[in-house]
Every structure is written in C-alpha cells, then in structure tokens.
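Please read these numbers as outputs of a predicted model, since none were measured by experiment.
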2 protein chains.
Amino acid sequence: MDEILFALLKKGAHVGYIRISTSQIAEICGMSQQNASRRIIELEKGEILKRVGKDIKVTDLGFGMVKEEYLELKKIFEIKKMQLKGKIIEGAGQGKYYMSLEHYKKNIEKNFGFVPYPGTLNVKIRKEDIGKRERILTKDLIIIKGFATKNRSFGELFCYPARINKINCVIVFPLRTHHEKDVIEIVAKENLRKKLKGKIIIEVD
Amino acid sequence: MDEILFALLKKGAHVGYIRISTSQIAEICGMSQQNASRRIIELEKGEILKRVGKDIKVTDLGFGMVKEEYLELKKIFEIKKMQLKGKIIEGAGQGKYYMSLEHYKKNIEKNFGFVPYPGTLNVKIRKEDIGKRERILTKDLIIIKGFATKNRSFGELFCYPARINKINCVIVFPLRTHHEKDVIEIVAKENLRKKLKGKIIIEVD
DNA sequence: ATTACTAAGATTCGAGTAC
DNA sequence: TGTACTCGAATCTTAGTAA
C-alpha cells in the first residue's frame, strides 16, 4: 500500500483534516521532502487526498481503497480455531511482576471478567506449532495500553482469549519485551502452575 | 504492500507450497512475465519467498511482515468499544457559541433526539488514553454539514454517540478548528458541568 | 517556515530472446 | 510449455533552489 496514505491513516487523517507538513511526512516515510510533496500532489490529483490550506485528509475514495485491501488481508489472516500443544516451562519472573501491577490487573478484569493470578504460565510450544503462534496475533484481540511512572514506562499488552486444557485463560503478548519464538505466556484466574501437569493444549478461536 | 506477495498469500502460499508460474503471477498482478520473474528472484533473495522446483511458498519472515502491516490496519479499522478517562477543564467558550447556533442545535436534535444544552464540556484526556482519542474518529459517526452566512462560514461537525459517566452524550469534533490533542468536546441534553465532578469516564462503542 | 519546480541520477519495467 | 538474461525505455527519487 502507498506508504504516504498509510502514514496519514495512522494519524487519523481519514476522519478529519490533520495538520502535517511534507517534511514531516517525508521523515515518517523515509523519503525526501520533495518526493513527499510530489507524491501528495499525485494522490490529490487521484482524489485520494484532499488539502485545504495546510491541512490534509484522506478522502472517502482513498479510505475505501485501503479498506478493500484490509478486507482481503483479513480473509488471509482470519483462520479458524486452532490448537497448539506444548509443555510448561519456568518463566523469567517478569510476567509475575507485570501481573502484580494494578494497571494490568484492573484492565484484565475489566476486559475478561477475572482478576488474574499474579503470575504467568510460560508454555513452550512444540516445533510444529510455532508457526501458529505467529497467527494468534491476527485473531481478535484486546489491547491493554501501557502506562508510565516517573521511573519507567510499561508497554502495551496484546491479549487473546483462549483456553488451556479447557480452562479459560488469556494469552498475553507484551509488545516491548522480546520473547522466545516458541514460548506463549498465559494468564488465568487461578494458579495454573499448580493445577496443570504434563501435556498442555491451548485453544484459540 | 508488495503485490506479488499479496497475490501469493491470496492463493494460500503461506500455508504450504503452491504451484504457480511466473506468467500466471504476471497475469494476476498486471505486469510482464519478465518482471514477475525478476521480482520473485528479489523476494527470494530477501528470504520473503522460498522456491523448491516449480513450487513456491511465503516464508515465516514474509508472512510476519505482512502480518505487521495487517495489525496496523486492524488498529485503524477495528478498534472496539473503548473507555477514556480524564477530567473536566475550562473551554475557550467557542463550543458554547457553536451550540447556540440554530443549525447545529437542529441537527443534533434530528440525529440524536435531544436539543443540546448551549455549551460544550471539555474533557482533558489522561496521557495513556490520548491514542484512543484518535481512534474515536474511526467509529460510526454522524456528520453535521457546515453552513455559511455572508459574514463567515462554519465547518463540519463530526459527531460520535457516547456516554459520559453513564449519561448519554455526543462527542463532537469540529473539523476546522484545531484542538489540543488531549481534549475531547462533549455535548449533552443537560448542563454537564453542573452535574459532573471529579473523574470522568467516556465510553464509545 | 513552508511548498513545489527542474534537472539529473537511480530504479523499475517490458520487449526480445536464450535456454 | 517453462524461467531468466540483457538492454533501452519509462518511471521514480533526490538535490538544488525559487517563491
């Protein structure tokens, strides 16, 4: 997709005019100001964008075009229910820290209806299911926003409702921290580590 | 997004190898066979695609790249019900002026079933919800067209039905005037400023 | 500060064609 | 049938600069 259009949509230029200079757009898209200017003129000619003074917006036509592409992508990514198998491993303890923070506890409760047990269960996914882990990210999700204290900031949490050995749970992907590609972090109401043993089956709709 | 990659994903080349010729790809993408061939070689070099004999698939890297773009688009198109927290601040008085104009009063009533109190409530959104403010703009909305007198013209109003501390209200985004990025303007039947105190919770579906 | 023109350089493309 | 090379043309991008 056109990178300028994409950048403008991220800024919310599909609903109202936003004020942004060609240099700023160039910066975001990693191109020269001159090129950004030229391409915006092109997009304007094609009625993808509209400018009024220093303000710019994406037209309905432009929005519709991106939406079409989005719907195609959605078809590709919205795969049906899946199962991942694996086993419990020891975590680094960072999940426990996160789940002890009031912000995350509160938001998990608000969105999923339970106060999370202060700890996360780390499940190492078997080799053949590693690809599926990536695809979880394309499912319906709830994003818990990050927050900041004066000392540090905490990132977004991507949350996916799921079941682990038939128990309702939430798969959490902390956005900032980098995880092993074969490990999934689970949050639930109860202490899963005590309750679960041996083979683990995670189901995502 | 790369159109060849897109075409291959549509064919399911992320699930397993598919058999497709460069001419077929060229046909789908509206380009020459030679160009399709060259670009596939490039994608292969970048480990976006992998070929074995006449079969081709999209690698995890390639799939991941598209997935990232998809997730960005998903944020733009499909953010569900949300809550924004903040507190009441003093407005510039311009909202009051707008809401005293017959045109806007009439159209608010027509679309939302109440005559607005002649004034708007300005809510300063807490830091971590500022991103959500942008995303309100992607929700279903009613646009009240602008109008002009011989002296001046009045811009469009983007209106989003919402609730403020459980009271039905309308979030209004005046298009022309530029607002602080952390302030939301609210219109309701009653004088909200008198009724509400302390912490404010705005809900948008 | 901006935006956007021109000219030149860089990249991408399609036609012809070999294998 | 296929794929993929060369090469000239078309397109896109950047630098310099005017307004």
Sugar-phosphate only, base, or nothing, as touched by Ser21(A) at under 4.0 Å among non-hydrogen atoms | sugar-phosphate
Could you tell me whether Ile40(A) contacts a base, only the sugar-phosphate backbone, or nothing, with contacts defined as non-hydrogen atoms closer than 4.0 Å?
-> nothing
For the pair Tyr160(B) and Phe173(B), name the ring-plane relationship: parallel under 30°, tilted 30 to 60°, perpendicular over 60°.
-> perpendicular
Run the side chain to side chain contact (heavy atoms under 4.5 Å, CB included) test against [X] and tell me which residues pass, sequence neighbours left out.
X: Asn165(A); value: Leu196(A), Ile200(A), Ile201(A)
X: Asp55(B); value: Tyr17(B), Arg19(B)
X: Leu61(B); value: Glu47(B), Ile48(B), Thr59(B), Met65(B)
X: Lys67(A); value: Phe63(A), Leu71(A), Phe77(B)

With sequence neighbours excluded, tell me which residues meet ring-ring contact (aromatic ring centres under 6.0 Å, His included) with Phe6(B).
-> none
Could you pull out all residues at least two apart from Tyr97(B) that satisfy ring-ring contact (aromatic ring centres under 6.0 Å, His included)?
-> none
Does His14(B) reach the main-chain N or O of Gly62(B) with its side chain, forming a donor-acceptor pair under 3.5 Å?
-> no
Run the numbers on Leu5(B) and Leu49(B) for side-chain contact (heavy atoms from CB on, under 4.5 Å), then give the verdict.
-> CA-CA 8 Å; Leu5(B) 190 52; Leu49(B) 300 181; 4.1 Å; yes
Going by heavy atoms in the side chains, are Asn168(A) and Phe112(A) under 4.5 Å from each other?
-> no
Side chains of Tyr104(A) and Ile144(A): does their closest heavy-atom pair fall under 4.5 Å?
-> yes
Applying side-chain hydrogen bond (donor to acceptor under 3.5 Å, both in side chains), name anything that partners Glu68(B), two or more places apart in sequence or on another chain.
-> none
Terminal contacting nucleotides, 5' and 3', DNA chain C versus chain A (heavy atom, 4.0 Å) | dT3(C) to dC5(C)
For residues 42-58 of chain B, which residues have at least one heavy atom under 4.0 Å from DNA chain D?
-> Arg51(B)
For nucleotides 11-19 of chain D, just jot down a letter per nucleotide in 5' to 3' order: B, S or -, based on protein non-hydrogen atoms under 4.0 Å.
-> -SBBBBB--
Name all residues meeting the salt bridge (Lys or Arg N to Asp or Glu O under 4.0 Å) criterion together with Lys110(A); count only those two or more places apart in sequence or in a different chain, and write none if there are none.
-> none
Between its two end axes (five pairs each) the helix from dT2(C)-dA19(D) to dC19(C)-dG2(D) turns, nearest 10 degrees, through 40°
Any Thr22(B) side-chain N or O less than 4.0 Å from OP1/OP2 of dT3(D) = yes
